[in-house]
Undergrad: 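After the structure tokens below, expect a handful of questions from me.
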Amino acid sequence: MSTHYKAEYIWIDGALPTAKLRSKTKIVEHGQELTIWGFDGSSTNQATGHQSDCVLKPVFTCPDPIRGGDDILVLCEVLLTDMTPHPSNTRAALVETAKKYAAQEMWFGIEQEYTFFDGIRPLGWPDNGFPAPQFGYYCGVGADEVFGRQIVEEHMDACMMANLKLAGINAEVMPAQWEFQVGPLDPVAVSDQLWMMRWLLYRIAEEHGVSATLSPKPVKGDWNGAGAHTNFSTKAMRESFDVCVQAAKALGEEHALHIANYGAGIEERLTGKHETCSVKEYKFGVSDRGASVRIPWQVAVDKKGYIEDRRPCANVDPYVVTRLITETVCSRL
Ligand code: ADP
Ligand code: MN
Ligand code: MN
Ligand code: MN
């Protein structure tokens, strides 16, 4: 057995308007502590060439299901060289907010939709023209309905082997579009794990020569966009339907702030069509997939549970959406 193992240091860059994932490998001796590390911030829109060093601080680790053995994945926060959070570091602010409202025991479950692309076309789409209109693809089966299942299965296995809390997967309404769900977990854990799962998705799709995009409207026209429905509950919501309704009302008070932070390109996706509510309007309702916020029917039956914010786009930063919802809801309940 080797005296050393591989640690894949993963971080979020400074790309605008939507950050991307980066990673590099550190060889670590068994028994040694994981240390901070550095990188060239001038290549990630996080520094200038003259003062290019940024710091990687490990914050969450899990087994590396791709390399196996003792190898690990290491999610990092980006710091400045004075050890304060880098301006692109949205996790640090979430940690503070989560601490402030910890007593309310907020849980999140995020539905990550995404689309496979083969070059410039969604995977499996014809060279010319379009596939049959949307109908049989959602939760479909068969080679005429489903594109990319092998990657989805490998990604699911990888998340499980990494001990990440995947809740499920399904094929989506647009062909080549899929979804996985993570949670329920506390705000910081759900966000760390979602970034890890995104990294694993890109990495596994890479093996197949396919790219996965989080674009909120990957194909213009009569095709569904891609969201990141954000389900959440406080302890009180898990015990009372009235509190669930109060939380839905609270979200309405910060609609503009939330829309501005729920992913670049949100106005292309929230049109009022394709199971969305217009970006200009805020409404909530039981079972309503045309509402901004849906109260699942089971929650209305049980008279307790959680609610679903349907507005966040697939490309949203989970550190931002969970911070905004926690602040908005917990300060008002
Ligand atoms: P949909 O019917 O909208 O497609 P999904 O089954 O895809 O719903 O996703 C539901 C999500 O809600 C899952 O990620 C699940 O973990 C999460 N969830 C379930 N119960 C709770 C709860 N009490 N608080 C927060 N999230 C929850
Ligand atoms: Mn879903
Ligand atoms: Mn979905
Ligand atoms: Mn949903």
Side-chain angles (χ1 to χ4, degrees), residues 98 101 104-116 134 137-140 146 152 156 159-160 164-194 196-198 212 214-218 223-241 243-245 247-248 251 262-263 269-270 273-277 284-316 318 321-322 325-326 329-330 333:
Y101 296 109
Q104 295 184 50
E105 295 181 35
M106 186 64 117
W107 295 353
F108 283 93
I110 301 179
E111 304 167 54
Q112 175 70 69
E113 294 179 339
Y114 60 94
T115 311
F116 287 132
Q134 293 183 158
Y137 308 110
Y138 170 74
C139 298
V146 168
V152 172
M156 182 158 43
C159 290
M160 293 172 74
L164 301 175
K165 197 167 179 184
L166 194 72
I169 65 102
N170 61 269
E172 269 301 339
V173 174
M174 187 183 96
Q177 201 174 80
W178 292 84
E179 168 181 312
F180 65 78
Q181 304 104 29
V182 53
L185 287 164
D186 71 67
V188 175
V190 83
S191 305
D192 286 345
Q193 294 203 15
L194 178 52
M196 254 344 178
M197 288 180 186
R198 285 175 174 178
L214 305 187
S215 166
K217 191 73 182 181
W223 301 97
N224 273 31
H229 297 168
T230 302
N231 304 271
F232 68 92
S233 59
T234 60
K235 185 164 186 289
M237 291 167 70
R238 293 189 289 277
E239 290 163 359
S240 154
F241 184 73
V243 183
C244 291
V245 173
L251 283 181
Y262 276 9
R269 173 174 156 264
L270 297 188
K273 290 186 198 164
H274 306 114
E275 304 174 51
T276 70
C277 180
F284 66 90
V286 174
S287 273
D288 188 354
R289 285 187 158 73
S292 321
V293 167
R294 169 177 145 257
I295 303 177
W297 68 270
Q298 189 70 50
V299 174
V301 170
D302 295 345
K303 295 272 168 245
K304 62 181 179 180
Y306 66 98
I307 66 173
E308 175 193 44
D309 190 342
R310 300 175 58 79
R311 298 169 296 169
C313 291
N315 58 351
V316 78
V321 68
T322 58
I325 291 177
T326 300
V329 171
C330 292
L333 289 188

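For the single chain, residues carry numbers from 1 onward in sequence order. Counting convention: from 1, in listed order, for ligands and their atoms alike. Worth knowing before you read on, the calculation uses all heavy atoms, side chains too, and leaves out hydrogens, waters and symmetry mates.
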Undergrad: Report yes if some heavy atom in the side chain of C159 is under 4.5 Å from a heavy atom in the side chain of K165; otherwise report no.
TA: no
Undergrad: Which is closest to atom 26 (N) of ligand 1 in terms of heavy atoms, G305, S233, G109?
TA: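 Residue with the shortest heavy-atom distance to the ligand atom: G109.
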Undergrad: Look up atom CZ in R289 and atom OG1 in T276, then write down how far apart they are to the nearest 0.5 Å.
TA: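 If I round to the nearest 0.5 Å, the distance is 13.0 Å.
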Undergrad: Under a 4.0 angstrom heavy-atom cut-off, which atoms of ligand 1 come close to E111?
TA: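 What qualifies from ligand 1 is 1 (P), 3 (O), 4 (O), 5 (P), 7 (O), 8 (O), 9 (O).
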Undergrad: Quick one: does F108's side chain get under 4.5 Å of V321's, heavy atoms only?
TA: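 F108 vs V321: side chains apart.
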Undergrad: Answer yes or no: is there a donor N or O on one side and an acceptor on the other, between the side chain of E308 and the main chain of P296, under 3.5 Å?
TA: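 It does not hold such a pair.
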Undergrad: Heavy-atom contacts with E179 under 4.0 Å: which atoms of ligand 1 show up? List them by number with element.
TA: 7 (O)
Undergrad: Assess whether a salt bridge exists between D302 and K304, defined as any Lys/Arg side-chain N lying under 4.0 Å from an Asp/Glu carboxylate O.
TA: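 Not counted as a salt bridge, because no side-chain N and carboxylate O are separated by less than 4.0 Å.
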Undergrad: Between N224 and E172, do the side chains contain a donor N or O and an acceptor N or O under 3.5 Å apart?
TA: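 Not at all, the side chains of E172 and N224 share no donor-acceptor pair under 3.5 Å.
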Undergrad: Could you tell me if Y138 and N170 have a donor-acceptor pair between their side chains, going purely by distance under 3.5 Å?
TA: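 There is no such pair (donor and acceptor under 3.5 Å, judged by atom type) between the side chains of N170 and Y138.
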Undergrad: Looking only at N, O or S atoms, which one in E308 sits nearest to the Mn ion (ligand 4)?
TA: OE2
Undergrad: Go around the Mn ion (ligand 3) and count every protein N, O or S atom nearer than 2.8 Å.
TA: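 Considering protein N, O and S only, the Mn ion (ligand 3) has 3 within range.
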Undergrad: Atom 12 (O) of ligand 1: which of N170, V182, I110, N231 has the nearest heavy atom?
TA: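 Residue with the shortest heavy-atom distance to the ligand atom: N231.
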Undergrad: Which bit of R289 is near ligand 1, meaning a heavy atom under 4.0 Å away: side chain, backbone, both or neither?
TA: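 The answer is the side chain.
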Undergrad: Can you confirm whether K235 is buried at NZ, in the sense that more than 12 heavy atoms of other residues, nucleotides or ligands lie under 6.0 Å from that atom?
TA: no
Undergrad: Considering only heavy atoms from C-beta outward, does the side chain of Q112 approach that of M197 to under 4.5 Å?
TA: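 The answer is no; the side chains never approach within 4.5 Å.
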Undergrad: Under a 4.0 Å heavy-atom limit, does M237 contact ligand 1 with its side chain, its backbone, both, or neither?
TA: neither
Undergrad: What atoms of ligand 1 come within less than 4.0 Å of a heavy atom belonging to E308?
TA: 3 (O)
Undergrad: So if I count the atoms of ligand 1 from 1 in the order they appear, which ones are less than 4.0 Å from some heavy atom of G183?
TA: 16 (O)
Undergrad: Of all the atoms in ligand 1, which lie at a distance below 4.0 Å from a heavy atom belonging to Q181?
TA: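 Those qualifying, in numeric order: 7 (O), 9 (O), 14 (O).
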Undergrad: List the steps and the verdict of side-chain hydrogen bond (donor to acceptor under 3.5 Å, both in side chains) for R311 and S292.
TA: CA-CA 6 Å; R311 298 169 296 169; S292 321; 5.1 Å; no
Undergrad: Output the distance between atom OH (Y114) and atom CH2 (W178), rounded to the nearest 0.5 Å.
TA: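 Nearest 0.5 Å value for the OH-CH2 distance: 7.0 Å.
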Undergrad: Of all the non-hydrogen atoms in the protein, which one sits nearest to atom 15 (C) of ligand 1, and at what distance?
TA: P184 CD, 4.2 Å
